[in-house]
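This structure is a prediction, so every number in the text was calculated from the model and none was measured. Every chain is numbered from 1, with letters handed out A, B, ... down the list of sequences.
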There are 2 protein chains.
Amino acid sequence: MSLPHAILTALLERPSSGLELTRRFDRSIGYFWSATHQQIYRELGKLEGAGYIRALPTERPARGQKKSYEVLPAGREELARWTSAPQDPKPWRDALFVRLRASAVVGTTTGVEDDLRRHLSLHQRQLAEYEEIEKRDFGPGRDTAQDRLQHLILRAGIDLETVWTQWLASALEEFGRLPEDGGREEEPEREQPES
Amino acid sequence: MSLPHAILTALLERPSSGLELTRRFDRSIGYFWSATHQQIYRELGKLEGAGYIRALPTERPARGQKKSYEVLPAGREELARWTSAPQDPKPWRDALFVRLRASAVVGTTTGVEDDLRRHLSLHQRQLAEYEEIEKRDFGPGRDTAQDRLQHLILRAGIDLETVWTQWLASALEEFGRLPEDGGREEEPEREQPES
DNA sequence: CTGTCCATGTAAGCGGTTACATGATTTT
DNA sequence: AAAATCATGTAACCGCTTACATGGACAG
């Protein structure tokens with residue numbers, strides 16, 4: 001249930017229309033919470049219905065016309081409430097690990113290995129992008145509370161991408177030491193450790 | 001679309017019933033792909049319908065009776081196919097970052113700070129559990145290809161939990177240097193860097 | 001006036017989550 | 001016999017994804 005609150009946050013930072021929000025969710029906010037324009041429009045409707053936001057008064061409210069929203073006091077309160085309420089971290093879920101484990105049992109590794117290389121370069125690119133942003137937006141100066149918190153978030157992104165690149169590199173090294181494909185397991189079905 | 005393939009993998013490692021699978025998804029596999037028993041039963045039905053698995057012949061196939069499944073050749077082929085096909089990494093999505101950014105704009109940080117502390121201890125516990133497993137199941141010996149790949153996956157878990165604990169610790173430090181609550185931003189609405 | 005963006009929407013489908021239902025087995 | 005547990009399932013809801021639809025503004 002984070003999307004409505006991500007939208008409230010974005011609208012507090014700057015009142016926007018649906019499409020503008022979509023654009024902002026493609027860059028900054030989308031780095032840690034992505035959303036398509038359909039999600040956003042639907043959610044804007046709900047938030048307006050709940051009295052959390054309202055459309056800025058405009059001359060011609062018609063289909064195909066730009067419609068900007070701003071946050072109402074009730075919306076700000078809801079956001080503060082949600083932010084302070086405890087929430088459990090979601091367990092990390094990654095299809096890549098499923099694939100690795102699957103490739104271990106079916107005994108073919110070349111396909112995944114190629115994809116690991118591809119993922120590595122994607123993560124390297126992402127990491128470079130984050131570091132670029134850090135250099136550009138968080139130099140000296142700029143240390144209000146807001147800046148420091150946003151920097152913290154960016155740091156998390158950098159740290160996570162760093163682990164990914166390191167882990168993928170070490171995984172590829174490990175693959176290099178593995179026997180070639182085809183040696184499908186005929187080992188005597190010993191009990192798996194299940195770890 | 002990873003659940004069916006995670007189930008195929010698990011069934012290749014060892015033919016199981018629905019409930020046994022559920023148990024295994026609570027431990028080992030669930031560390032990187034969790035699933036409830038309802039998901040699993042539904043998926044078992046689909047996989048059987050697709051001809052990927054079959055129920056092991058048993059005397060009394062009735063409701064409330066244990067029913068074990070094994071993977072058919074078509075299932076193994078599908079798993080090999082899926083494993084080798086390229087897949088894009090899902091962007092990391094985390095509500096915690098939404099909350100941090102939200103707390104930055106509403107100006108109240110004590111609530112999140114408490115939860116950061118809680119998350120830190122949760123991640124520390126998880127990290128300890130993984131390290132325990134590593135010590136127990138991946139000592140010397142045990143270096144077939146399967147072992148090495150499973151170890152690699154576990155390593156990813158350890159690495160990720162390590163970054164989280166480090167980042168959370170540094171975040172809490174940063175919070176210690178922040179001004180107390182209430183100082184809601186009345187800064188002159190300067191353009192956000194949007195990073 | 002045709003095509004191309006811009007902007008807002010609708011509809012269908014799928015996976016995941018939660019709550020509940022029911023039969024079989026084991027325990028006390 | 002009652003209660004607890006094992007085992008399999010149904011039903012409803014919700015968020016996300018993808019594809020498609022509609023209307024206005026503007027360029028050639």
Side-chain angles (χ1 to χ4, degrees), chain A residues 1-8 10-11 15-26 29-30 32-50 53-56 58-69 82 87-95 98, chain B residues 1-8 10-11 15-26 29-30 32-50 53-56 58-69 82 87-95 98:
Chain A
M1 282 276 297
S2 296
L3 180 57
H5 302 97
I7 291 180
L8 285 175
L11 287 181
S16 307
S17 68
L19 197 65
E20 283 165 357
L21 277 178
T22 306
R23 297 271 151 73
R24 296 174 65 193
F25 270 80
D26 281 342
I29 305 169
F32 51 90
W33 201 271
S34 61
T36 62
H37 69 115
Q38 292 87 342
Q39 283 178 272
I40 288 172
Y41 284 121
R42 188 151 30 95
E43 205 59 48
L44 283 174
K46 284 190 201 170
L47 288 171
E48 190 175 24
I53 64 176
R54 66 161 192 183
L56 285 177
T58 177
E59 288 78 42
R60 315 149 296 172
R63 189 184 179 107
Q65 288 304 100
K66 199 164 120 171
K67 206 164 68 173
S68 283
Y69 292 90
W82 176 80
Q87 266 183 243
D88 284 336
K90 287 251 162 176
W92 50 292
R93 260 191 165 202
D94 202 305
V98 180
Chain B
M1 280 281 292
S2 296
L3 179 57
H5 303 97
I7 291 180
L8 285 174
L11 287 182
S16 308
S17 69
L19 196 66
E20 283 165 356
L21 278 177
T22 306
R23 298 269 152 75
R24 296 173 65 193
F25 269 81
D26 281 342
I29 306 168
F32 52 88
W33 202 271
S34 61
T36 63
H37 69 114
Q38 291 87 343
Q39 282 178 273
I40 288 172
Y41 284 121
R42 189 155 27 101
E43 205 59 49
L44 282 174
K46 285 189 201 168
L47 288 170
E48 191 174 24
I53 63 175
R54 67 160 190 184
L56 286 177
T58 177
E59 286 80 41
R60 312 148 299 174
R63 189 188 178 106
Q65 289 300 99
K66 200 165 120 170
K67 206 163 72 174
S68 284
Y69 293 89
W82 176 82
Q87 265 183 245
D88 284 335
K90 287 249 161 178
W92 51 294
R93 260 189 165 201
D94 204 305
V98 180

| task | Rounded to the nearest angstrom, tell me the gap between atom OH in B:Tyr69 and atom C1' in D:dT8. | result | 9 Å
| remark: Minimal heavy-atom distance between A:Val98 and B:His5, with the atoms involved, is CG1-C, 4.4 Å
| Close side-chain approach of B:Thr36 to B:Tyr41, heavy-atom, < 4.5 Å | no
| Within the distance-only criterion (no hydrogens, no angle test), does the side chain of A:Ser34 pair as donor or acceptor with the backbone N or O of A:Gly30 below 3.5 angstrom? | no
| request: Locate the shortest heavy-atom distance separating B:Phe25 from B:Ala10; write the atom from each residue and the value. | output: CE1-CB, 4.4 Å
| query | When the distance from CG of A:Leu56 to P of C:dT8 is rounded to whole Å, what number comes out? | reply | 12 Å
| Quick one: side chain to side chain donor-acceptor pair (under 3.5 Å) partners of A:Gln87, sequence neighbours excluded? | A:Trp82
| message | I want to verify a distance call: between D:dT17, C:dT10, C:dT17, whose nearest atom is closest to the A:Arg93 side chain? | response | C:dT17
| task | Go through the structure and list residues passing salt bridge (Lys or Arg N to Asp or Glu O under 4.0 Å) with A:Arg42, not counting sequence neighbours. | result | none
| message | C:dG9, OP1 or OP2 - any side-chain N/O from A:Lys67 closer than 4.0 Å? | response | yes
| A:Lys90 has an atom NZ; how far is it from atom C1' of D:dG15, in whole Å? | 10 Å
| task | Tell me which residues in residues 41-49 of chain A put a heavy atom below 4.0 Å from DNA chain D, sorted by number, or none. | result | A:Arg42, A:Lys46
| said: For A:Ser2 and B:Glu20, find the nucleotide of DNA chain D closest to each by heavy atoms; which residue's nucleotide sits nearer the 5' end? | reply: B:Glu20
| Side chain of B:Lys66: nearest nucleotide among D:dT8, D:dT10, C:dG16? | D:dT8
| note | Per atom distances to the B:Gln38 side chain, the nearest of D:dA7, D:dG9, C:dG9 is D:dG9
| To the side chain of A:Thr36, which of C:dG9, D:dT17, C:dT18 is closest? | D:dT17
| query | Where the side chain of A:His37 is concerned, which of D:dT17, C:dG9, D:dT8 is the nearest nucleotide? | reply | C:dG9
| message | So, OP1 or OP2 of C:dT17: does either fall under 4.0 Å of a side-chain N or O from B:Gln39? | response | yes
| How far does CD of B:Glu20 sit from NZ of B:Lys66, to the nearest 0.5 angstrom? | 4.0 Å
| message | Counting only side-chain heavy atoms from C-beta out, which of D:dT17, C:dG9, C:dT8 sits nearest to A:Ser17? | response | C:dT8
| Whole-Å gap separating P (D:dA7) and CG (B:Leu21) | 12 Å
| said: Quick check for you: among C:dT8, D:dA7, C:dT18, whose closest atom lies nearest to any side-chain atom of B:Arg23? | reply: D:dA7
